[in-house]
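Comments concern the structure below.
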Protein chains: 2
Amino acid sequence: MRLSNLADYAVVAMCAASRHCGGGKTSAAELAAETGLPVPTVQKLVSKLSAAGLLRSTRGAGGGLQLARPAAAITVADIVEAVEGPIALTACVEGADCLVEHDCSVKPHWPVVNEALRGALAAIPLTQLARTREIA
Amino acid sequence: MRLSNLADYAVVAMCAASRHCGGGKTSAAELAAETGLPVPTVQKLVSKLSAAGLLRSTRGAGGGLQLARPAAAITVADIVEAVEGPIALTACVEGADCLVEHDCSVKPHWPVVNEALRGALAAIPLTQLARTREIA
DNA sequence: ATCAATCGGACCGATTTGGTCCGATTAAGC
DNA sequence: GCTTAATCGGACCAAATCGGTCCGATTGAT
């Protein structure tokens with residue numbers, strides 16, 4: 001019942017990237033310096049985030065990264081799904097057959113819980129996270 | 001972002017145990033037969049569930065298991081926490097220092113998400129799960 | 001006191017996760 | 001047009017956790 005470290009890091013990294021949104025491009029190395037994460041780890045993250053369409057990467061000298069969408073249109077749920085894949089608490093939510101399929105009275109309830117979690121994550125846009133410790 | 005298989009199994013096993021509530025005691029072997037899970041796995045589960053105070057075990061010949069509380073007073077959150085430990089999406093929710101502590105603007109938001117998830121799990125008592133496929 | 005049936009904990013293999021490294025690609029500069 | 005430099009992208013490897021299996025300790029009935 002725990003979020004993977006990578007997903008946690010990704011949220012922090014995207015939060016840092018959103019601060020560079022006005023100033024144009026940033027780089028994986030810069031994000032690593034600001035977040036304190038290892039550079040290769042950040043590179044791995046931006047790969048997945050780019051593939052998911054959350055970041056837009058420009059290669060070559062002078063290249064870098066920028067948000068593919070406005071920060072307000074990116075939620076924690078988007079970031080988590082980009083790194084960990086679809087949010088599914090149990091295998092049967094994704095369609096896999098559980099081994100007690102014939103009389104599994106629990107099955108119908110999981111999608112409800114699943115959507116509750118997803119809704120909680122989708123309710124937090126990147127703009128809200130960028131406000132440094134205002135709600136602490 | 002996925003529940004462990006053990007936690008999923010534990011919910012199913014507890015659901016099966018609740019059906020024996022009126023009839024008194026059951027056993028790990030019986031639960032295994034009803035759920036289709038391997039016997040040793042169920043034994044492992046009942047150990048943790050007993051330690052968490054959700055099941056009461058009686059040892060010796062003719063012993064067995066029974067719910068320690070009424071089924072209505074046991075929620076999915078209780079079962080998940082019994083098997084997986086406290087529900088904490090990130091390490092910082094539990095008090096551990098993240099390595100970007102000094103300016104982690106994300107940190108204040110995790111407890112909110114965490115409670116939303118926990119609330120969704122705590123809203124489902126065992127009695128609701130026992131109703132076989134009524135809400136499908 | 002013996003026996004039988006149960007739970008409880010310890011051991012082992014497998015999968016996933018997290019971290020590191022090197023190569024492919026691209027744009028700028030000469 | 002070529003060289004150079006800086007970047008992203010994917011492949012490789014170690015570690016931790018998870019899942020499964022087994023055997024021993026404890027307890028009540030006979």
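Chain letters run A, B, ... following the sequence lines, proteins first and then strands; every chain starts at 1.
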Closest approach to the side chain of [X], judged atom by atom: which nucleotide of [options] is it?
{"X": "B:Q43", "options": "C:dG19, D:dG20, C:dG8", "value": "C:dG8"}
{"X": "A:R59", "options": "C:dC7, C:dC21, C:dT25", "value": "C:dT25"}
{"X": "A:A28", "options": "C:dG8, D:dG20, D:dC8", "value": "D:dC8"}
{"X": "A:Y9", "options": "C:dG8, C:dG19, D:dC8", "value": "C:dG19"}

Rounded distance (Å) that lies between atom [atom2] of [N] and atom [atom1] of [X]:
{"X": "A:L37", "N": "C:dG19", "atom1": "CG", "atom2": "P", "result": "9 Å"}
{"X": "A:N5", "N": "D:dA15", "atom1": "CG", "atom2": "P", "result": "17 Å"}
{"X": "A:K44", "N": "D:dA11", "atom1": "NZ", "atom2": "P", "result": "10 Å"}
{"X": "A:Q66", "N": "D:dC8", "atom1": "CD", "atom2": "C1'", "result": "14 Å"}

Taking only N and O in the side chain of A:S57, is any of them less than 4.0 Å away from OP1 or OP2 of D:dG9?
yes

Between B:S50 and C:dC7, is there a side-chain N or O to OP1/OP2 distance below 4.0 Å?
no

Side-chain donor-acceptor pairs under 3.5 Å in residues 114-122 of chain B, sequence neighbours left out?
| from | atom 1 | to | atom 2 | distance (Å) |
| --- | --- | --- | --- | --- |
| B:N114 | OD1 | B:L89 | N | 3.0 |
| B:N114 | ND2 | B:I87 | O | 3.0 |
| B:R118 | NH1 | B:E81 | OE1 | 3.1 |
| B:R118 | NH1 | B:E81 | OE2 | 2.4 |

Check: A:Y9 and A:V83 side chains under 4.5 Å, non-hydrogen atoms
no

Checking all strands, does A:A51 fall into the base, sugar-phosphate, or nothing category for heavy-atom contacts under 4.0 angstrom?
nothing

